Amino acid sequence: MITIALTKGRIEKDTVKILAEAGFDMGFMADKGRNLIFIDEAQDLRFLLVKALDVATYVEHGIADLGVVGSDVLYEHPGSYLEMLDLNIGLCKFSVASIPSYNPYDHKRKKIATKYPKIATDFFNSKDEDVEIVSIQGSVEIAPVIGLTDAIVDIVETGNTLVANGLVVFEDIVRVSSRLIANSASIKKNPEIMTLIDRLQAVVGNEEV
Ligand code: PRP
Ligand code: MG
């Protein structure tokens, strides 16, 4: 049996669509209720519905052979899994944003609020800029508005949250998309996993990463 950990929430629908297009019967998702584990005896598959970061954990520990998770999470929490495919869903980007009057050159040491301290630190370090990170759990957009920080580093998808809070993008950092990750031992052990990956690749139509 092959176990696939899927990220609950935003990317769930698009992930299921890709799996269905690859020929898997994903009918169980229609009335899943509060269930978090689904066994498909006919296809010898098991699906786990978990939080993004936990997808990586289940795959790393070999409990899941494969996982679908955003590159934002993979970047922030690197681990010992293999990245197999860019699924081209969950598309968004990391950006630096702030109130329109923000001038990056005003600050010798920028104070940045973010849910993603590693990405933010690496970005400013790569530009040789001094930064102080303030870790925030969510609703990061209010930080520069109420004067907690000079700017934020966060995910921008539609840009609606920025607009609603009167913020503008100053710099884009990197594109974000959902990836298929794999446990390396699983791949060596079970050749059917590569077959499954090939089926998904045929649907998403890009080269393995
Ligand atoms: C995410 C992200 C941005 C917003 C981007 O927040 O942190 O705030 O979505 O989407 P948009 O550009 O389409 O507005 P989320 O809603 O997940 O909440 P949180 O930050 O409070 O966790
Ligand atoms: Mg947010």
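Just follow the structure's listing: the first ligand is 1, and inside any ligand the first atom is 1. Bear in mind that the values here come from a model prediction, so they are computed numbers and not experimental data.
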Considering S139, G9, A164, which one's heavy-atom position lies nearest to atom 21 (O) of ligand 1?
-> S139

Protein contact of atom 2 (C) of ligand 1 - nearest heavy atom, named by residue and atom, plus distance = D154 OD2, 3.4 Å

N/O of V156 under 3.5 Å from N/O of ligand 1, yes or no?
-> no

Among non-hydrogen protein atoms, atom 4 (C) of ligand 1 lies closest to T161 OG1, 3.6 Å

Should the pair Y102 and F170 be assigned to parallel (<30°), tilted (30 to 60°) or perpendicular (>60°) ring geometry?
-> perpendicular

K115: numbered ligand 1 atoms lying under 4.0 Å from its heavy atoms = 7 (O), 19 (P), 20 (O), 22 (O)

May I ask you to list the atoms of ligand 1 that are less than 4.0 angstrom from any heavy atom of I155?
-> 2 (C), 3 (C), 4 (C), 5 (C)

Under the 3.5 angstrom rule, does the side chain of S186 hit a backbone N or O of A182 as a donor-acceptor pair?
-> no

Apply side-chain hydrogen bond (donor to acceptor under 3.5 Å, both in side chains) to K111 and list each qualifying residue two or more places apart in sequence or on a separate chain.
-> none

Is there a donor-acceptor contact under 3.5 Å from the side chain of D65 to the main chain of T3?
-> yes

Do T7 and V50 have side-chain heavy atoms sitting under 4.5 Å apart?
-> no

Numbering the atoms of ligand 1 from 1, which are under 4.0 Å from a heavy atom of T158?
-> 11 (P), 12 (O), 13 (O), 14 (O)

Residue pairs, two or more places apart or on separate chains, that pass salt bridge (charged side-chain N to carboxylate O under 4.0 Å, His left out) and touch residues 88-108 = K93-D172

Can you tell which of R10, E141, E157, Q137 gets a heavy atom nearest to atom 6 (O) of ligand 1?
-> R10

